[in-house]
> 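Dropping the structure in here first, questions after.
For the numbers below, each heavy atom of this structure counts, side chains included, while hydrogens, waters and symmetry mates do not. The sequence lines fix the lettering, A, B, ..., with proteins before strands; numbering per chain opens at 1. Because the structure is a prediction, the values reported are computed rather than measured.
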2 protein chains.
Amino acid sequence: MTQTKTKTTRIQEINRGIILDAALEVFSAYGFRGTTIDQIAEKAGMSKPNLLYYFPRKEDIYVNVLEKTLDDWLTPFRHIDAKGDPLDELAKYIIAKLKLSESRPESSRVFANEILHGAPAIGDFLQTHLRQIVDRKIAVIRTWIDEGRLAPVDPHHLIFMIWATTQHYADFKVQIGAVVPDRVEDEDFYEETAAAIITILFNGIRPRQDY
Amino acid sequence: MTQTKTKTTRIQEINRGIILDAALEVFSAYGFRGTTIDQIAEKAGMSKPNLLYYFPRKEDIYVNVLEKTLDDWLTPFRHIDAKGDPLDELAKYIIAKLKLSESRPESSRVFANEILHGAPAIGDFLQTHLRQIVDRKIAVIRTWIDEGRLAPVDPHHLIFMIWATTQHYADFKVQIGAVVPDRVEDEDFYEETAAAIITILFNGIRPRQDY
DNA sequence: AAAAAACTTGACTGATTGGTCAAAATGTAG
DNA sequence: CTACATTTTGACCAATCAGTCAAGTTTTTT
């Protein structure tokens, strides 16, 4: 067996982690081109050549960061459970994504930036893996609609709306902060946000008699 | 009167326009740092020094492009009319924004990219001008709600939801294309999208007896 | 038609930056 | 303790790129 040895040492594991954490912050703030290896190295507390010892190319760091963020991003989506109550499941999903937007906005931004620029690094992933997962959830939503447990809406656009809205609170935070400067710093802003979004999404904005 | 002469010639007007059009495309694809002046110059069909004759710094081009996109972006929002029917006005706004996402996605992307990276060039604008416009529309929405012509939802979050969703179709086009590859190329995809979004937003996704 | 103003560009320059290299320092296995 | 592998870094290189400059060409004015 010509096995390429891939023994990962303790130091390697630690340093790769440090580098990826530092890189996430820098990439999220400045984008791929706007980020310099020196910036990441400084934030990671090591020399540039040392960093390049762990990730030989700038792109390697970027791809690794992206893979991590993709996972963050998709995990709550995967957790949507066909057997659960439709509204509960979607509410849970929205809350989970908003919580992520709050706790790890950098992650969301790196992802958004990649898509915005045409997904040069993860285009393939989107067309294969993401599409597959989405197809599966689309089927779940259709079933819910067929069973009369959800209003008859277009599943794709429903998903896009939820993605867009939850993503927005991480990616456009600066804009939100400029428009509602007082509330955005509140401890419970994200809970208030979740409640507001869920209310609108569930009930719509058309006035009803029964209020 | 010490008047600085600002006589704009015909050639200046034409060339500035050509440059800004070219720059919009390049900035939207590669971001500020990712764009080189040479790229813009080539796309504009002129030499780099000539381009710099019209806009002395790279940032000048960028700021000018941003101002144009901001205008695109805000015009439909300004058109929301307090005297109109609430649902009609919001539907019109959604349709206008989606139409823009379709016809000028570059514009939307440059704007998104700027916000994503913390709005270094237009932060002030957001905190003053944008905030003012938004405050005014928030008041309109509150009035509509008080009059019982709109369900009692949080006006800020309603606006954010609409912004997020409509923006999404321009900014995340690659992702949408990966997930619904067949439909996205259709002539009437944007009309279908508008209809789906409006349905969800107006009626919500909670199933009702009266279907 | 001549002079002035506006426009255009080839050839540079200095700064930045992704990546290399060889040598030193540190860790580890026997 | 010793030999070997792993980790670390200062010094460096080549490419890229924002911006300059001086010399030319074209357009406008008189």
Side-chain angles (χ1 to χ4, degrees), chain A residues 3-66 110 113-114 117 120-121, chain B residues 3-66 110 113-114 117 120-121:
Chain A
Q3 166 109 37
T4 339
K5 56 178 159 190
T6 37
K7 187 170 59 183
T8 313
T9 70
R10 184 180 47 89
I11 295 178
Q12 271 168 37
E13 199 161 329
I14 291 172
N15 281 347
R16 276 189 222 270
I18 292 173
I19 292 169
L20 291 182
D21 285 347
L24 173 64
E25 275 189 62
V26 187
F27 279 133
S28 113
Y30 304 107
F32 179 73
R33 288 289 297 271
T35 294
T36 70
I37 300 182
D38 288 280
Q39 277 175 295
I40 304 175
E42 192 184 350
K43 184 146 277 178
M46 69 183 66
S47 69
K48 178 165 69 169
N50 197 22
L51 187 149
L52 287 165
Y53 170 73
Y54 291 103
F55 297 93
R57 323 237 130 225
K58 187 183 176 185
E59 224 188 297
D60 296 338
I61 317 174
Y62 182 65
V63 170
N64 269 276
V65 167
L66 259 187
V110 169
N113 198 53
E114 164 72 8
H117 295 337
Chain B
Q3 167 109 36
T4 339
K5 56 178 161 189
T6 37
K7 188 170 59 184
T8 312
T9 69
R10 184 182 47 90
I11 295 179
Q12 271 168 39
E13 200 160 328
I14 292 172
N15 280 347
R16 276 187 222 270
I18 292 174
I19 291 169
L20 291 182
D21 284 348
L24 174 64
E25 274 188 63
V26 187
F27 279 133
S28 114
Y30 305 107
F32 179 72
R33 288 290 298 270
T35 294
T36 70
I37 299 182
D38 289 281
Q39 277 175 294
I40 304 175
E42 192 185 350
K43 184 147 278 177
M46 69 183 66
S47 67
K48 177 165 67 167
N50 198 20
L51 186 149
L52 287 165
Y53 170 74
Y54 291 103
F55 297 94
R57 324 236 129 226
K58 186 183 176 184
E59 225 188 296
D60 296 337
I61 316 173
Y62 182 65
V63 170
N64 269 277
V65 166
L66 259 186
V110 169
N113 198 51
E114 164 71 8
H117 295 335

> Quick one: does A:Asn50's side chain have a donor or acceptor within less than 3.5 Å of a partner on A:Ser47's backbone?
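Not confirmed, A:Asn50 side chain does not pair with A:Ser47 backbone.
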> Is A:Tyr54 near enough to D:dT8 that one of its side-chain N or O atoms lies under 4.0 angstrom from OP1 or OP2?
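Yes, because at least one side-chain N or O of A:Tyr54 sits under 4.0 Å from OP1 or OP2 of D:dT8.
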> Is there a side-chain contact between B:Gln12 and the phosphate of C:dA6, meaning an N or O under 4.0 Å from OP1 or OP2?
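Checking B:Gln12 against C:dA6: no side-chain N or O falls below 4.0 Å of OP1 or OP2.
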> Please give me the minimum heavy-atom distance between B:Phe27 and B:Tyr62, naming the atom from each residue.
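The answer is CE1-CA, 3.7 Å.
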> Go along nucleotides 16-30 of chain D 5' to 3' and tag each nucleotide: B for a protein heavy atom under 4.0 Å from its base, S when only backbone or sugar atoms are that close, - otherwise.
-SBBBB------S--
> So, OP1 or OP2 of D:dG10: does either fall under 4.0 Å of a side-chain N or O from A:Ser47?
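Checking A:Ser47 against D:dG10: no side-chain N or O falls below 4.0 Å of OP1 or OP2.
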> Can you list the residues that meet the ring pair (Phe, Tyr, Trp, His ring centres under 6.0 Å) rule with B:Tyr30, with sequence neighbours excluded?
none
> If you draw a 6.0 Å radius around CD in A:Gln39, do more than 12 non-hydrogen atoms from other residues or ligands fall strictly inside?
yes
> Rounded to the nearest Å, what distance is computed from the CD atom of residue A:Gln39 to the P atom of nucleotide C:dG19?
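Those two atoms, CD and P, are 15 Å apart.
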> For A:Asn15, enumerate each residue passing the side-chain hydrogen bond (donor to acceptor under 3.5 Å, both in side chains) test, keeping only those at least two apart in sequence or located in another chain.
A:Tyr54
> What integer distance in Å separates A:Leu51:CG from C:dT17:P?
15 Å
> What is the distance, to the nearest angstrom, from the CD atom on A:Glu13 to the C1' atom on D:dT6?
16 Å
> Might you work through the side-chain contact (heavy atoms from CB on, under 4.5 Å) test for A:Phe32 and A:Glu114, ending with a clear yes or no?
CA-CA 9 Å; A:Phe32 179 73; A:Glu114 164 72 8; over 6 Å; no
> Is any side-chain N or O of A:Tyr53 closer than 4.0 Å to OP1 or OP2 of D:dT7?
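For D:dT7, OP1 or OP2 has a side-chain N or O of A:Tyr53 closer than 4.0 Å.
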> Mind calculating the distance between CG (A:Asn50) and P (D:dT7) to the nearest angstrom?
9 Å
